[in-house]
Asks: 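Shown below is the structure under consideration.
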Amino acid sequence: MGHGGNVIDELTTDHREVEELFGRIEALPPGHKDRKVYADQATIELVRHSVAEEEYLYPAVREHLADGDAIADRELEDHSKAEQIMKDLESCEAGDAEFDRLIGQLMTEIRSHLADEEGNLFPKLRAACTPDALDSLGDKIRQAKKLAPTRPHPSAPDKPPANKLLAPGAGIVDRMRDALTGRGKHD
């Protein structure tokens with residue numbers, strides 16, 4: 001899918017890509033090895049997406065929306081839940097009974113989060129920010145995703161400035177691990 005444009009377009013494209021991966025998982029029978037490959041790909045995308053949102057989107061939400069602190073805090077809580085599920089999922093193989101439970105839980109959690117962002121947060125942000133501000137945020141989000149970790153780190157900080165300082169280093173290590181193990185690659 002094409003990336004680019006303002007922050008809302010960028011993040012909505014990410015949402016569609018994750019939903020496509022979830023659809024691939026659901027289309028395969030339980031225990032099929034590719035379910036793990038697609039789950040790893042979804043995790044990589046979700047972690048990169050979440051880190052970028054935590055670095056740039058949620059601070060903008062706090063700044064530009066009247067109820068921004070409450071919204072950002074709720075979004076961070078959603079991320080925390082999903083990140084712990086992804087961390088637990090990391091140690092499961094597709095044939096494990098726990099894999100099916102966790103991937104179902106993750107899909108439910110993420111779908112609810114995406115629907116809330118697209119139905120509530122994004123319209124509020126579009127109304128509160130100038131087109132230039134939304135474009136600038138889109139550029140920052142794209143840059144952040146390039147450096148972001150690809151594995152869940154539930155104990156890592158999720159608010160600036162600590163997250164902006166630590167995420168790139170974790171991202172380098174994660175990408176090296178992924179390259180060495182072939183994680184997220186389809187045979």
Asks: Checking K36 side chain against C92 main chain: does a donor-acceptor pair fall under 3.5 Å?
Replies: yes
Asks: Drop me the distance from R111's CZ to L106's CG, to the nearest 0.5 angstrom.
Replies: 9.5 Å
Asks: Between D34 and R24, does at least one N-O distance fall below 4.0 Å, as a salt bridge requires?
Replies: no
Asks: How many angstroms lie between atom CD of E45 and atom OG of S50, to the nearest 0.5 angstrom?
Replies: 11.0 Å
Asks: Considering all heavy atoms of both residues, which atom of P152 and which atom of T43 are nearest to each other, and what is their separation?
Replies: CD-CG2, 3.8 Å
Asks: Do K33 and E93 have side chains that approach each other closer than 4.5 Å (heavy atoms only, starting at C-beta)?
Replies: no
Asks: Which is it for H49 and E53 under the side chain to side chain donor-acceptor pair (under 3.5 Å) test, yes or no, and what are the steps along the way?
Replies: CA-CA 6 Å; H49 176 92; E53 284 185 334; 2.9 Å; yes
Asks: Contact between V7 and L134 at the side-chain level, heavy atoms closer than 4.5 Å - yes or no?
Replies: yes
Asks: Does P149 offer a backbone N or O that forms a donor-acceptor pair with the side chain of D174 under 3.5 Å?
Replies: no
Asks: Are the side chains of K124 and H64 in touch, meaning some heavy atoms are under 4.5 Å apart?
Replies: no
Asks: Heavy atoms, side chains only, cut-off 4.5 Å: are L147 and V51 in contact?
Replies: no
Asks: Hey, is the main chain of T150 close enough, under 3.5 Å, to the side chain of R183 for a donor-acceptor pair?
Replies: yes
Asks: Using a strict cut-off of less than 4.0 Å between a Lys/Arg side-chain nitrogen and an Asp/Glu carboxylate oxygen, indicate whether K145 and E17 qualify as a salt bridge.
Replies: no
Asks: For residues P123 and E117, report the shortest heavy-atom separation together with the two atoms involved.
Replies: CD-O, 4.1 Å
Asks: So, for A39 and I103, which heavy atoms are closest and what is the spacing to 0.1 Å?
Replies: CB-CD1, 3.9 Å
Asks: D9 and N6: which non-hydrogen atoms are nearest, and at how many Å?
Replies: N-OD1, 2.8 Å
Asks: For M86, which of L46, I44, I110 qualifies under side chain to side chain contact (heavy atoms under 4.5 Å, CB included)?
Replies: L46
Asks: Please test Q143 against K140 for side chain to side chain donor-acceptor pair (under 3.5 Å), starting from the C-alpha separation and ending with a verdict.
Replies: CA-CA 5 Å; Q143 281 304 114; K140 290 175 182 175; over 6 Å; no
Asks: Is the closest side-chain heavy-atom distance between D116 and R74 below 4.5 Å?
Replies: yes
Asks: Do K81 and H113 come close enough that some side-chain heavy atom pair is under 4.5 Å?
Replies: no
Asks: Under 3.5 Å, side chain of E83 to main-chain N/O of H153, donor-acceptor pair present?
Replies: yes
Asks: Can you check whether T108's main-chain N or O pairs, donor with acceptor, with S112's side chain at less than 3.5 Å?
Replies: no
Asks: In plain terms, say whether D14 and R48 are close enough for a salt bridge, that is, a side-chain N and a carboxylate O under 4.0 Å apart.
Replies: no
Asks: Which atoms form the tightest heavy-atom contact between L11 and F122, and what is the distance?
Replies: CB-CZ, 3.8 Å
Asks: Take L102 and D96 through the test side chain to side chain contact (heavy atoms under 4.5 Å, CB included) and record every step on the way to the result.
Replies: CA-CA 10 Å; L102 288 169; D96 300 346; over 6 Å; no
Asks: Find out whether D78 and E109 are in side-chain contact, i.e. whether some heavy atom of one side chain is under 4.5 Å from a heavy atom of the other.
Replies: yes
Asks: Which value, rounded to the nearest 0.5 Å, describes the distance between L114 atom CG and L121 atom CG?
Replies: 11.5 Å
Asks: Would you check, one step at a time, whether the test salt bridge (Lys or Arg N to Asp or Glu O under 4.0 Å) holds for D73 with R62?
Replies: CA-CA 9 Å; D73 289 344; R62 290 179 193 284; 2.7 Å; yes
Asks: Any chance you could lay out the side chain to side chain contact (heavy atoms under 4.5 Å, CB included) test for E54 and E75, step after step, and finish with the verdict?
Replies: CA-CA 9 Å; E54 291 165 8; E75 299 287 331; over 6 Å; no
Asks: Quick one: pull up CD1 in I71 and CG in L76 and give me the separation to the nearest 0.5 Å.
Replies: 12.0 Å
Asks: So which heavy atom on Y56 is nearest to which on L137, and how close?
Replies: O-CD2, 3.7 Å
Asks: Tell me whether E20 is salt-bridged to R16, with the criterion being a basic N under 4.0 Å from an acidic carboxylate O.
Replies: no
Asks: Apply side chain to side chain contact (heavy atoms under 4.5 Å, CB included) to the pair Q105 and L89, showing each step before the final yes or no.
Replies: CA-CA 10 Å; Q105 191 179 359; L89 195 58; over 6 Å; no
Asks: Show your working on salt bridge (Lys or Arg N to Asp or Glu O under 4.0 Å) between E90 and K87 and close with a plain yes or no.
Replies: CA-CA 5 Å; E90 223 177 11; K87 186 70 180 168; 3.2 Å; yes
